[in-house]
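Report on the structure given below.
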Amino acid sequence: MDYFLELFLGGLTRGSIYALIALGYTMVYGIVQLINFAHGEIYMIGAFTALIVASVLTIFGLNSAAILVIATAAAIVYSSAYGYTVEKIAYKPLRNAPRLSPLISAIGMSIFLQNYVLLAQTSDFLPFPRLIPEFAFMEPVSHIFSSAELVIVVTTMVVMVLLTVFIKFTNIGKAMRATAQDKTMALLIGIDVDRVISVTFIIGSSLAALGGVLIANHIGQINFYIGFIAGIKAFTAAVLGGIGSIPGAVLGALILGWTESFATGYVSSDYEDVFAFALLVLILIFRPAGLLGKSETKKV
Amino acid sequence: MENILEVKGLTMDFGGLRAVDSVDLYVKPKEIVALIGPNGAGKTTFFNCVTGIYTPTKGDILVNSNRGGVRINGFKPNRVTERGLARTFQNIRLFPNMTVLENVMIGKHCRLSAKIFGALFRDKKTRAEELKAAQECYVILEKLGLEKTCDELASNLPYGDQRKLEIARALATEPKMLLLDEPAAGMNPQETVDLTHLIRMIRDTEQIAILLIEHDMKLVMNLSERIYVMDHGQKIADGTPVEIRNNPEVIKAYLGEDIDA
Amino acid sequence: MIAQEIIKSLKAAIWFMFLTFPIMVIKVNTVYKTIEWRWMNMVFIGVGVFVGSFVWRWLLERKDKPSAKKESISTRTQAYLAENPISKRALQGALLVALLFFPMFMDAYQINIFTVALMYIVLGLGLNIVVGLAGLLDLGYVAFYAVGAYTYALLNTTFGMSFWIVLPIGGALAAIFGILLGFPVLRLRGDYLAIVTLGFGEIIRLVLENWNDFSHGPSGIAGIDKPNFFGLELNLNQMTDGVYYMMVVFTIITIFFVGRLQNSRIGRAWLALREDEIACQAMGIGRTRTKLMAFALGATWAGLMGVVFAAKTSFINPASFTFLESAIILSIVVLGGMGSIPGVILGALIMILLPEYMRTFSEYRMLVFGGAMVVMMVFRPQGLVSNFRRKYSFHGVDERLGG
């Protein structure tokens, strides 16, 4: 039973991280119908920024709580800035181009950013400092559920609630929903579509950065390539739940997290990534609209 | 079955919305029939059901063939075209980066037989077939007065010619019946008159039936032998142009009820 | 006016200096706890972006101008060659002679590089069928390459089967994989298709990496036989020449076949499918069949090249078949010009030869090509060489048809 619980909680943690990244995919897709291939790299850059800032601050001798806050803030600021800039450079000029063009541009951006970090930093795995403290009250269960995992799950839940509130009730949130439904109409009723798109990229990137900091802290090491696999998996989660749907992304992420966790725990750990890819292929074949997505009718 | 197309009780639902509601329609060989109705009446949806882009919820679509009527509900669009129904689109859908001639040759596709082997080794049979196809397509372009532009990219044609090219492409599939979705949309009065002659000429020389959706009443009244009127997904009238012109239901549907009172 | 432009560029420079600050400037050594501050990088970025920003805006402006519709050099050259078959034949002849005599003046190292370049030309042309002609973005192309390579490696090392026998088997097996993958996914929309093929490519690689009994896992398979040329005993240098000439023949055959495919009934159907799927079906073209054909044919070439790759290197492991490899082949197609044979050839030569001959440049290779993919899509989506459509001549059609 302990083993099952451990796998369940492990899956919940994974799923929470996937959810944070998947939201970026889903929100961007909802608004500009583009698979932002470089989103995984934004997440990676968030983790790197946090690592660099945290390391510098450690050398300067700050206390760990301050480091945690500053590093996370830096990661969020920088990831958003990258997300914003990537949109302006690689996607905005292609808004009216054939569908494959922005996708290829996104793949190019992803390769570019990976190699940018590889060249400017290193190809090695870097150890990520443990920023999240061990809580005393977690002592009895820490062998199956660590404090860092608790923080990941709780943070994700809080972020989900905030995001839902933001989209439901703020003006910009309403503008985002309007733009997602009909870009031309949104433009006609005076919504600044460019701004809405920028905000979407910024929010998505911030969430990815948060995911990056949390996972790097949990796993303890990062390199330039972590964004690729994480990106694909988060994308799988988004598609599983129904791309464009925010609750769908969370649901998909949790299902993917549990699938991976139980499959590696009970079947074989060699094929961890295969399970995710197989799940992705199966969903797209049998239910391309995802669990909570609406299937679209083609217009002629 | 002597009719070329026979539709019985055709119904199409989108979720809770009934876009087409048990519509009956038939077209006899070499007949020009119009389908009219206000915007959103379900005309294009009807076309999409008949040509296989949507699978209708209920009803029968029968196409005349050598062995009597064949039910084509749920056939893929390409199978429908092979059965002899060819269409054009309301919002022009050409292949913009292919030449005019190539666009028409795409229409010929289903009447040709070259396979991979023929493509790779370009044997005598394939070469002959290609040449014949290219020539036949050129002749179609000549008929429609587009032969001068045959090496242009389709996207470089003026609007009116693009509409004509769609008709040329549909003709290349060697149809028994042509379905035209608002062929005169966006044309000026002179172009519309030319189009009227063109459609009649096609019917006369190719001996095919034509079913068209159109808003231009002058064209419809001049051209068609019979007219079907749809409103809110239902057929509200059918008959000759004179009958339709004097049908109170039709007038109501088109003018709205306030004026009627 | 000029002041405004300068302010714009200044803003961009400052923004990018901020953006690249942590990653470009700071380098922390986590073991010795030291920080290296690389301020010079910030200066480079600032100056580079300041200048680049002008170029960027100039290019954007030029792209939006209607006068930019003038036919490009590549289009004019292609049109000229199409109208002057003699010059075309002369050019082809000259290229062929150059290719044939090339090994006589070069050492084995150079020949090897050229062989690799030729392999990428063939791979690029194969992927071009799928992406350029049929418009299906396949991000897992390398999977079929792997199928070919492992087919030869396994059949050769376990059953001792020879290169020439396995070559068609590898191609056929890759085609079967192409159909198996294609069948379920082809009704997906373009971007979903891209992701599924990516997933498929990764699954194949991960299986090769983990299924030790079958593929020997990450350590790969060594001691694969080199190709056999008419039973001749060849030394190392002669073998290099032999593989080179084989690749020349392969490349010519591929160019020939792909050129024919492009202007055939099937090739037209692919183009139409790429341009407008719904109209294409409505004109009587079976979607599934046409797409599968593109997938299977593209895969065949990857499979064939996989066999050649295994035979040429005599050692393979899963690390040769990563997503990066698919990305390189894709950028060859995108850079050169989707759907254009000369474009793909040019793309492959640039992608493979430039990094080889500019050694200092080679570690920036993927950076530059990632960036080039973006720049290409933004400013010249048709690639370096734009696709040129064949024209038909109809002199005297009327007489022949008795019109």
Side-chain angles (χ1 to χ4, degrees), chain A residues 33-35 45 48-49 51-53 55-56 58-59 74 78 81-82 85 89-90 93-94 97-105 107-122 126-127 129 228 232 235-236 239 268 270-271 273-274 276-278 280-281 284-285 288 298 300, chain C residues 15-16 18-24 26-28 30 33-35 41 56 60 63 131 135 137 139 184-185 187-196 198-200 202-203 206-207 209-211 278 323-324 327 330-331 334 363-367 369-379 381:
Chain A
Q33 281 77 46
L34 161 76
I35 297 174
I45 283 174
F48 255 93
T49 309
L51 172 84
I52 291 166
V53 171
S55 308
V56 171
T58 313
I59 293 169
Y78 269 96
Y82 272 92
T85 312
I89 291 179
L94 292 172
R99 211 167 169 142
L100 282 191
S101 301
L103 190 60
I104 292 172
S105 178
I107 294 169
M109 205 24 118
S110 158
I111 296 172
F112 179 86
L113 289 176
Q114 266 178 34
N115 284 276
Y116 156 69
V117 173
L118 165 72
L119 291 168
Q121 292 287 324
T122 170
L126 291 176
F228 179 71
I232 299 278
F235 176 76
T236 305
V239 172
S268 152
D270 289 345
Y271 290 98
D273 294 339
V274 174
F277 289 129
L280 172 65
V281 172
L284 284 180
I285 293 167
K298 50 189 170 186
V300 180
Chain C
W15 174 250
F16 275 89
F18 160 74
L19 205 58
T20 53
F21 172 69
I23 290 182
M24 292 288 287
I26 308 173
K27 185 159 184 175
V28 184
T30 41
K33 305 267 177 226
T34 52
I35 311 169
N41 280 348
W56 182 271
L60 266 187
K63 187 187 158 201
V131 180
L137 188 55
L139 297 180
V185 304
R187 64 198 175 91
L188 296 176
R189 246 188 2 231
D191 35 11
Y192 279 15
L193 181 90
I195 299 290
V196 173
L198 175 86
F200 176 75
E202 286 295 296
I203 289 175
L206 288 166
V207 167
E209 224 162 66
N210 290 301
W211 193 3
I278 289 174
F323 170 68
L324 198 69
L330 178 68
S331 33
V334 171
E363 61 176 312
Y364 296 99
R365 165 173 146 160
M366 287 319 291
L367 183 83
F369 290 125
M373 276 166 89
V374 177
V375 172
M376 267 301 180
M377 282 301 116
V378 173
F379 296 114

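Worth saying up front: this structure is predicted, and the values here are computed from it rather than measured. Proteins get letters first, then strands, A, B, ... in listed order; numbering begins at 1 in each.
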Could you tell me which portion of [X] (side chain, backbone, both or neither) has an atom closer than 4.5 angstrom to a non-hydrogen atom of chain A?
X        : value
C:Val375 : neither
C:Trp56  : side chain
C:Val334 : side chain
C:Ala194 : side chain
C:Phe379 : neither

Separation between [atom1] of [X] and [atom2] of [Y], rounded to the nearest 0.5 Å:
X        : Y        : atom1 : atom2 : value
C:Leu367 : A:Leu118 : CG    : CG    : 9.0 Å
C:Phe369 : A:Asn115 : CZ    : CG    : 11.5 Å
A:Ile104 : C:Ser331 : CD1   : OG    : 10.0 Å
A:Ile35  : C:Ile195 : CD1   : CD1   : 4.5 Å

Top contributor to chain C contacts, counting heavy-atom pairs under 4.5 Å, from [options]:
options                            : result
A:Leu94, A:Thr58, A:Leu34, A:Thr49 : A:Leu94
A:Leu103, A:Ile45, A:Leu51         : A:Leu103
A:Leu119, A:Val53, A:Val274        : A:Leu119
A:Val56, A:Leu113, A:Leu280        : A:Val56

Part of A:Ile89 within contact of chain C (heavy atom distance under 4.5 Å):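 Both parts, heavy atoms under 4.5 Å.
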
Segment of A:Gln114 engaging chain C (4.5 angstrom heavy-atom cut-off):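 No part of it gets close to chain C.
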
Most chain A-contacting option - heavy-atom pairs closer than 4.5 Å, from C:Glu209, C:Met376, C:Met377, C:Met373: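 Top count of heavy-atom pairs under 4.5 Å with chain A: C:Met377.
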
Options C:Gly135, C:Ala327, C:Pro381, C:Gly199, ranked by heavy-atom pairs under 4.5 Å with chain A, top entry: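 Of C:Gly135, C:Ala327, C:Pro381, C:Gly199, C:Gly199 has the most heavy-atom pairs under 4.5 Å with chain A.
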
Beyond-backbone contact of [X] with [Y], side-chain heavy atoms, under 4.5 angstrom:
X        : Y        : answer
A:Tyr78  : C:Ile23  : no
A:Ile59  : C:Val28  : yes
A:Tyr116 : C:Met366 : no
A:Ile232 : C:Glu202 : no
A:Thr85  : C:Leu19  : yes

Closest non-hydrogen atom pair, C:Lys27 against A:Gln121: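 Between these two residues, the closest heavy atoms are NZ-O, 3.0 Å.
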
Geometric class of the A:Phe235/C:Tyr192 ring pair [parallel <30°, tilted 30-60°, perpendicular >60°]: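 Because their plane-to-plane angle is over 60°, the rings of C:Tyr192 and A:Phe235 count as perpendicular.
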
Working for side chain to side chain contact (heavy atoms under 4.5 Å, CB included), residues C:Val374 and A:Phe112: CA-CA 9 Å; C:Val374 177; A:Phe112 179 86; 5.7 Å; no

Steps toward side chain to side chain contact (heavy atoms under 4.5 Å, CB included) verdict (C:Thr20, A:Tyr82): CA-CA 9 Å; C:Thr20 53; A:Tyr82 272 92; 4.3 Å; yes

